[in-house]
Novice: 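Quick one: this structure, given as structure tokens, is what I'll be asking you about.
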Amino acid sequence: MIRRLFGVLDEPAAALLRRMLIGLFAGAVLQGVAFTLLVPVLRALIGPTPVDAWAWLAVLAVVWAGHAVCYRDSLMAGYRTGTGLSRTLHHALGDHVARLPLGWFTAARTGELAQLTGKGVQNIMGTPAHLLRPVVTAFVTPLVVVALMFVFDRRLALAALVTLPAIAWAYRWTGRLAAGADHANDAAATEAGGRVLEFAQTQPVLRAFRRTVDGHRMLDAALVAKRDAGRALLLRMVPGLVSFVLVLQLAFTVILLVGCYLVLGGTLGAAELIALLVLAVRFLEPMAAAADLGAAIRMAGNALSRVEAVLAVPPLPEPAESGPAPGGSEVELVDVHFGYRPGEPVLRGVSLRVPERGMTALVGPSGSGKTTITRLVARFFDVDTGSVRIGGVDVRELTTEALMSQISLVFQDVYLFDTTIEDNVRVGRPNAGDDEVRAAARLARVDEIVDRLPDGWATRVGEGGAALSGGERQRVSIARAILKDAPIVLIDEATAALDPENEAAVQDALSALTTDRTLLVIAHRLQTIAAADQIAVLDAGRIVELGRHDELLAAGGRYAGFWAERSRARGWRLASWR
Ligand code: ADP
Ligand code: MG
């Protein structure tokens with residue numbers, strides 16, 4: 001654990017950890033020396049010349065003072081290492097996560113990251129001061145006493161030495177048991193948390209289909225599993241803890257028996273025995289507690305492993321400086337192959353030119369890869385082979401900043417921050433003036449939403465934008481894009497049926513955004529599709545037809561069939577064409 005801490009710490013924090021360990025070690029050794037000094041002190045007191053005790057007491061005082069200095073210094077260093085750890089881990093995670101492909105951020109990962117930066121880092125940062133210190137002290141001090149015992153009574157020291165392997169073994173065993181159970185407990189807690197969320201989120205469906213009993217059953221099962229895992233954690237730790245305490249008691253009993261035997265035989269002085277008893281009383285408890293703490297150290301180690309796993313995810317390679325600036329805003333995919341998992345291709349050789357200042361509509365069955373194409377343009381992921389070019393430049397040659405300055409995203413899953421609408425629009429361009437923010441909001445007809453809100457512009461929209469409807473959230477996202485004013489806009493049209501009023505507003509907002517820009521639209525509405533300069537029909541990861549609406553209709557292929565079907569069912573959205 002100590003080695004792993006050094007692995008993640010930056011230099012100043014590592015220096016603090018070294019300082020803490022040195023102070024800790026020196027303090028523990030001095031403490032051991034002080035305890036052993038009890039033997040000569042007691043010997044002198046019991047012996048014929050009690051006055052000699054003064055000299056030994058003076059030495060004892062000096063040693064204790066040294067111990068106090070070391071103790072204080074290492075305690076302070078320990079706390080500061082803890083804050084250093086928290087700072088380095090947060091920075092390392094923050095810096096790393098900022099360079100990860102956007103596609104990495106699934107809901108599950110984001111949840112895990114939140115857990116890790118909160119509770120995980122907290123567990124790790126407590127390690128130096130709260131865990132390592134007591135454990136190291138609990139073991140080093142008795143070891144020093146045993147070593148020094150050789151000076152006074154070799155037989156007693158040998159008896160103590162013999163018990164050490166048993167203690168060490170029991171300690172390790174306890175730790176391993178706890179770490180294993182901790183893994184299982186953690187997994188069960190994550191599962192139960194997920195089920196509770198799911199249960200809450202699926203209430204409307206469960207109730208509508210009168211499946212409340214089934215819903216309960218899955219949640220129940222997860223909660224029972226969590227309780228069982230918690231119990232298992234305890235049950236698995238208990239034998240370890242109990243046996244560790246037993247081994248400790250046994251060890252001290254052996255030493256005490258040897259001691260008594262020697263005293264009765266007249267070959268060991270009372271002073272040695274008293275020193276031994278003091279030691280037993282003073283250290284049995286801390287050593288027993290050390291087993292608990294050892295388990296906690298293992299758990300902190302588990303948290304550290306999870307941090308290391310996140311840090312090991314390779315970031316998207318990014319050039320230090322942007323290469324040539326994009327010459328215009330044309331987007332081009334050249335023979336792009338891509339899959340989320342090896343062996344499962346999603347795009348199989350897509351070539352598509354999205355002309356500058358024109359609208360290209362992507363249509364195709366659900367799962368054909370439309371969303372994937374827009375994600376590759378915004379470099380959520382890198383292509384497997386082929387390339388994505390913007391203004392003739394491969395997106396991999398652009399820095400994230402340069403790439404993002406070219407693109408606005410209007411996707412379906414709009415996330416709003418729990419702040420005012422105005423601040424949410426301003427996300428599009430943080431340094432925009434108030435009048436610019438209002439103008440963009442007006443163009444996207446966000447001002448109408450504001451009019452109906454109780455506190456107008458100052459109304460907070462709630463976590464994720466809960467106070468707004470889906471169509472309204474999309475209008476805010478369009479306002480952001482208008483404010484950002486990037487030359488390329490990627491749009492995933494809303495599939496959920498909007499009420500007519502919202503539909504018209506979203507339509508107005510989009511037309512305010514789409515004039516004079518390069519547009520790639522995943523189009524679901526016939527109106528958008530028919531108006532596109534170019535329509536690409538995607539099927540199973542390939543572009544099967546490309547052309548204008550009237551051309552494709554005349555060709556009488558896939559698109560013509562789709563159009564006929566959709567026109568017949570006007571007003572209905574066919575599930576297979578989402
Ligand atoms: P469309 O937008 O046309 O409905 P997508 O591009 O969303 O299609 O998905 C294409 C295929 O890729 C589907 O089979 C889908 O299951 C899969 N897919 C989409 N996103 C992911 C992801 N993040 N991880 C793994 N597979 C994915
Ligand atoms: Mg999609």
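All ligand and atom numbering here is 1-based and tracks the order in the structure.
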Novice: Which of the numbered atoms in ligand 1 are below 4.0 angstrom from a heavy atom of Pro365?
Specialist: 3 (O)
Novice: Tell me the closest heavy-atom pair linking Val388 and Val377, and the distance in Å.
Specialist: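 Where Val388 meets Val377 most closely, the heavy atoms are CG1-CA, 4.0 Å.
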Novice: Suppose we only count N/O/S atoms under 2.8 Å; would Thr371 qualify as near the Mg ion (ligand 2)?
Specialist: yes
Novice: Within the distance-only criterion (no hydrogens, no angle test), does the side chain of Arg426 pair as donor or acceptor with the backbone N or O of Ala432 below 3.5 angstrom?
Specialist: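 Here the side-chain-to-backbone pair exists.
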Novice: Give the contacting part of Thr371 toward ligand 1: side chain, backbone, both or neither, where contact means a heavy-atom distance below 4.0 Å.
Specialist: both
Novice: Would you find a donor on one side and an acceptor on the other, under 3.5 Å apart, between the side chain of Lys484 and the backbone of Ile407?
Specialist: yes
Novice: Can you tell which of Leu362, Ile373, Thr372 gets a heavy atom nearest to atom 5 (P) of ligand 1?
Specialist: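 The nearest heavy atom belongs to Thr372.
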Novice: Would you kindly specify which portion of Arg375 sits under 4.0 Å from ligand 1, judged on non-hydrogen atoms: side chain, backbone, both or neither?
Specialist: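 Just the side chain.
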Novice: Any heavy-atom pair between the side chains of His337 and Pro345 that's under 4.5 Å?
Specialist: no
Novice: Would you say Gly339 contacts ligand 1, with heavy atoms under 4.0 Å as the rule?
Specialist: no
Novice: Look at ligand 1 and say whether Gly369 reaches it with a heavy atom at a distance under 4.0 Å.
Specialist: yes
Novice: Do Arg396 and Val383 come within less than 4.5 Å of each other through their side chains, counting heavy atoms only?
Specialist: yes
Novice: Check ligand 1 against Ser366 and write out every atom of the ligand that is under 4.0 Å from a heavy-atom position of the residue.
Specialist: 4 (O)
Novice: Below 3.5 angstrom, do we get any N/O pair linking Phe381 and ligand 1?
Specialist: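 Among all N and O atoms of Phe381, none is under 3.5 Å from an N or O of ligand 1.
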Novice: Just say parallel, tilted or perpendicular for the rings of Phe381 and Tyr340, cut-offs at 30° and 60°.
Specialist: perpendicular
Novice: Is there a donor-acceptor contact under 3.5 Å from the side chain of Arg429 to the main chain of Leu483?
Specialist: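 Present.
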